[in-house]
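Take a look at the structure below.
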Amino acid sequence: MSLWKAAEASDIEEAADLSATYRRLRECEAVAVHTCVVETKYFPGLTQHPKYTRLLAAGTPFGKDPGWIARAVREREDRRKVFDRPGYRYSVLLDESVVWRTLGDLEVWGEQLSQAETMFAGNPLFTLRIIPRTVPASGLLGATTTTIFRMPRNKAPRVFMDGYPGIQELTKPRDLDWVTREWANLTAFALTEEDSLKYIRNAYDEVS
């Protein structure tokens with residue numbers, strides 16, 4: 001389920017009715033020291049404005065259920081509690097197309113752009129870098145979301161990919177090595193942090 005991508009440590013119980021893979025993802029986020037996200041379709045959940053989340057939730061098969069939408073918004077807001085952990089790092093590689101995906105509401109789009117810029121500007125532990133359209137092909141861009149959890153005490157990373165046919169955990173060493181290489185390759189081609197925030201700021205100026 002693409003709506004329920006990464007999870008907050010404080011609300012794992014609420015995932016009890018969702019897939020076992022998703023619950024494992026949330027448990028990993030509860031202890032990870034560094035979360036790395038490659039996002040190709042929407043702004044990552046931890047960065048979402050509540051109005052943006054509502055639009056996404058309304059577009060799911062459960063979107064006619066007000067309770068589901070409220071749950072989605074609550075999850076996104078609660079998830080950000082992981083940011084309070086001392087030394088926690090959060091890194092995002094964002095496909096350029098995400099910046100321009102309006103979801104049909106220019107006002108909400110503008111608020112989402114503003115929130116993303118504010119969240120990453122001036123925080124040395126949070127980085128957002130935009131992947132330009134000219135980047136060479138990468139298998140990570142074929143999924144909606146790839147999440148890499150760097151675990152404490154030098155434990156092996158945990159990797160989840162969200163897309164068709166759903167969320168999956170990669171466990172084979174060769175797959176983990178491949179994801180690590182692809183992350184490094186995308187990072188090499190991404191805009192700098194400064195230029196990425198300028199890009200988002202310019203997009204916001206256009207809509208406002």
Side-chain angles (χ1 to χ4, degrees), residues 5-11 25-50 52-53 75-101 109-132 134-135 138 140-141 143-162 176 179-205 208:
K5 290 189 277 289
E8 79 289 354
S10 63
D11 198 29
L25 182 151
R26 297 181 70 147
E27 290 165 359
C28 287
E29 188 172 71
V31 296
V33 297
H34 184 189
T35 300
C36 304
V37 180
V38 179
E39 183 64 65
T40 66
K41 196 168 184 181
Y42 307 114
F43 278 91
L46 288 175
T47 73
Q48 287 176 10
H49 190 283
Y52 187 89
T53 302
E75 185 219 30
R76 296 300 193 271
E77 294 175 341
D78 287 346
R79 272 173 55 191
R80 282 192 281 274
K81 293 175 183 176
V82 300
F83 291 162
D84 296 333
R85 296 210 307 268
Y88 179 80
R89 297 176 59 199
Y90 184 64
S91 302
V92 175
L93 294 177
L94 190 71
D95 190 285
E96 181 181 1
S97 64
V98 174
V99 177
W100 300 101
R101 186 165 286 114
W109 176 47
E111 292 184 19
Q112 176 58 51
L113 292 173
S114 178
Q115 174 156 307
E117 181 193 358
T118 300
M119 181 174 293
F120 287 92
N123 189 331
L125 296 180
F126 293 179
T127 61
L128 182 150
R129 297 181 63 181
I130 290 175
I131 306 168
T134 55
V135 71
S138 168
L140 296 188
L141 299 180
T144 301
T145 309
T146 301
T147 306
I148 306 167
F149 295 112
R150 309 289 185 190
M151 307 304 282
R153 295 184 292 278
N154 295 318
K155 291 183 179 179
R158 302 285 293 273
V159 177
F160 296 82
M161 297 187 77
D162 194 0
L176 299 181
V179 169
T180 299
R181 290 195 303 272
E182 290 297 294
W183 173 272
N185 290 338
L186 287 175
T187 300
F189 282 96
L191 302 182
T192 66
E193 296 174 46
E194 181 180 2
D195 287 343
S196 295
L197 292 179
K198 285 181 180 177
Y199 189 95
I200 290 177
R201 191 176 307 117
N202 289 339
Y204 175 75
D205 289 342
S208 58

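Note that the structure is a prediction, hence the values are computed from the model and not measured.
Of the N and O atoms on the side chains of Y42 and Q48, not one donor lies less than 3.5 Å from an acceptor on the other residue. When only modelled atom types and interatomic distance are considered, H49 and E111 share a side-chain donor-acceptor pair under 3.5 Å.
A donor-acceptor contact shorter than 3.5 Å links the side chain of W109 to the backbone of V99. A side-chain donor-acceptor contact under 3.5 Å links R80 to the backbone of L46.
Listed here is the closest heavy atom pair of S91 and W183: O-CH2, 3.9 Å. In plain terms, the two heavy atoms of T146 and M161 that are nearest each other are OG1-CE, 3.5 Å. Across all non-hydrogen atoms, the minimal contact from E39 to T144 is OE2-O, 2.9 Å. Minimum heavy-atom separation, E77 to P50: OE2-CG, 3.4 Å. Of all heavy-atom pairs between T40 and S97, the closest is O-OG, 3.7 Å. Taking every heavy atom of both residues into account, V98 and F43 meet most closely at CG1-N, 3.5 Å.
With E194 as the partner, the side-chain contact (heavy atoms from CB on, under 4.5 Å) test is satisfied by one option alone out of L197, T192, L191: T192.
You'll find the side chain of T35 reaches within 4.5 Å of the side chain of Y88, heavy atoms only.
Taking OG of S196 as the start and CZ of R201 as the end, the distance is 11.0 Å to the nearest 0.5 Å.
Residues satisfying the salt bridge (charged side-chain N to carboxylate O under 4.0 Å, His left out) test with E193, not counting sequence neighbours, are none. The ring-ring contact (aromatic ring centres under 6.0 Å, His included) check on Y204 picks up nothing, with sequence neighbours excluded.
Between F120 and Y90, the angle of the ring planes stays under 30°, which puts this pair in the parallel group of the 30/60° scheme.
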